[in-house]
Amino acid sequence: QVQLVESGGGLVQAGGSLRLSCVASGLPFREYGAGWFRQSPGKEREFVAAIERDAESTLYAASVKGRSTITRDDAKKMVILQMNSLKPDDTAVYYCALDSAGNRAPFANRYDVWGQGTQVTVSS
């Protein structure tokens, strides 16, 4: 059974940090590109960061670039998003997704597998 499980969300004060993790099962994780997206109430799901298969290339949304780092651990079938200097605007449900083409696309429709999401709330 293919499954993605996110963890690491929570309530944090502005300026703080969070480390979001996503563990995959039921698929050859190392063949997939991985991405993080987020969605807040009343808004469309938006791209946050992505990493290619083999971790040779990453991509970040302008809103998080310089404050966030996406990495992957293929042995653990895990993708991690480290977020620093958090702002209230970062408040959203964060979703992990995998792309069977192995790319780091910033478009949600390129991803085949999605997790259930983890809530991140940043207080001012």
Side-chain angles (χ1 to χ4, degrees):
Q1 181 181 358
V2 174
Q3 193 173 19
L4 293 181
V5 178
E6 301 100 334
S7 62
L11 175 63
V12 64
Q13 288 188 333
S17 298
L18 281 176
R19 181 178 182 268
L20 305 184
S21 299
C22 172
V23 178
S25 59
L27 49 74
F29 178 78
R30 64 178 64 250
E31 299 300 320
Y32 283 71
W36 286 93
F37 290 77
R38 66 187 182 187
Q39 188 168 20
S40 50
K43 295 185 178 180
E44 293 187 355
R45 190 168 297 190
E46 66 172 353
F47 170 73
V48 177
I51 186 167
E52 267 188 339
R53 175 180 52 197
D54 296 332
E56 291 186 357
S57 180
T58 58
L59 184 67
Y60 296 91
S63 58
V64 304
K65 194 171 185 178
R67 302 188 292 122
S68 300
T69 303
I70 185 171
T71 56
R72 62 186 296 157
D73 184 334
D74 288 345
K76 296 181 179 179
K77 296 187 175 182
M78 180 183 293
V79 59
I80 296 163
L81 181 68
Q82 176 69 41
M83 300 186 68
N84 303 318
S85 302
L86 284 162
K87 306 174 182 179
D89 284 349
D90 294 318
T91 295
V93 177
Y94 283 71
Y95 297 90
C96 172
L98 298 184
D99 172 13
S100 60
N103 298 318
R104 52 167 179 78
F107 309 111
N109 61 7
R110 297 285 294 274
Y111 290 81
D112 312 289
V113 184
W114 289 83
Q116 292 301 306
T118 185
Q119 176 71 47
V120 170
T121 303
V122 184
S123 63
S124 58

Heavy atoms only: give me the nearest [X]-[Y] pair and the separation to one decimal.
X   : Y    : value
R53 : E31  : CD-O, 3.3 Å
G9  : T118 : N-OG1, 3.2 Å
S17 : S85  : OG-N, 4.3 Å
A50 : A105 : CB-O, 4.1 Å

Residue pairs fulfilling side-chain hydrogen bond (donor to acceptor under 3.5 Å, both in side chains) with at least one residue in residues 5-15, sequence neighbours excluded
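Every candidate side-chain hydrogen bond (donor to acceptor under 3.5 Å, both in side chains) pair involving residues 5-15 fails, so no pair, neighbours aside, qualifies.
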What pairs meet the disulfide bond (SG atoms under 2.5 Å apart) rule with one or both residues in [range], with sequence neighbours excluded?
range           : value
residues 49-81  : none
residues 11-107 : C22-C96
residues 26-90  : none
residues 30-59  : none

Output the rest of the hydrophobic cluster of V5: all Ile, Leu, Val, Met, Phe, Trp and Tyr residues reachable through side-chain heavy-atom contacts under 4.5 Å, sorted by chain and number.
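Via sub-4.5 Å side-chain contacts, V5 links to none.
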Give the other cluster members for L98, using side-chain heavy-atom distances under 4.5 Å between Ile, Leu, Val, Met, Phe, Trp and Tyr residues; answer none if it is isolated.
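Hydrophobic cluster check, L98: joined to V2, L4, V12, L18, L20, L27, F29, Y32, W36, V48, I51, Y60, V64, I70, V79, L81, M83, L86, Y94, V113, V120, V122.
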Once you round to the nearest 0.5 Å, how far does CG of L11 lie from OG1 of T121?
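Taking CG in L11 and OG1 in T121, the distance rounds to 6.0 Å.
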Atom pair CZ/NZ of R72 and K77 - distance to nearest 0.5 Å:
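One gets 11.5 Å once the value is rounded to the nearest 0.5 Å.
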Between V23 and K76, is any pair of side-chain heavy atoms under 4.5 Å apart?
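V23 does not reach K76 side chain to side chain.
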Of all residues at least two apart in sequence or in a different chain, which pass the salt bridge (charged side-chain N to carboxylate O under 4.0 Å, His left out) check with D99?
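Listed in chain order: nothing, the list is empty.
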Please list, chain by chain and in numerical order, all residues satisfying salt bridge (charged side-chain N to carboxylate O under 4.0 Å, His left out) with R104, sequence neighbours excluded.
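Testing R104 for salt bridge (charged side-chain N to carboxylate O under 4.0 Å, His left out), a comparison that skips the adjacent residues, returns none.
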What residue pairs, at least two apart or across chains, pass salt bridge (charged side-chain N to carboxylate O under 4.0 Å, His left out) with a residue in residues 37-51?
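Every salt bridge (charged side-chain N to carboxylate O under 4.0 Å, His left out) pair that includes a residue of residues 37-51, provided the two are not neighbours, is R38-E46, R38-D90.
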Can you sort out the partners of Y95 under ring pair (Phe, Tyr, Trp, His ring centres under 6.0 Å), two or more places apart, ordered by chain and number?
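Counting only residues at least two positions away or on another chain, Y95 forms no ring pair (Phe, Tyr, Trp, His ring centres under 6.0 Å).
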Residue pairs, two or more places apart or on separate chains, that pass ring-ring contact (aromatic ring centres under 6.0 Å, His included) and touch residues 104-123:
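Found F37-Y111, F37-W114.
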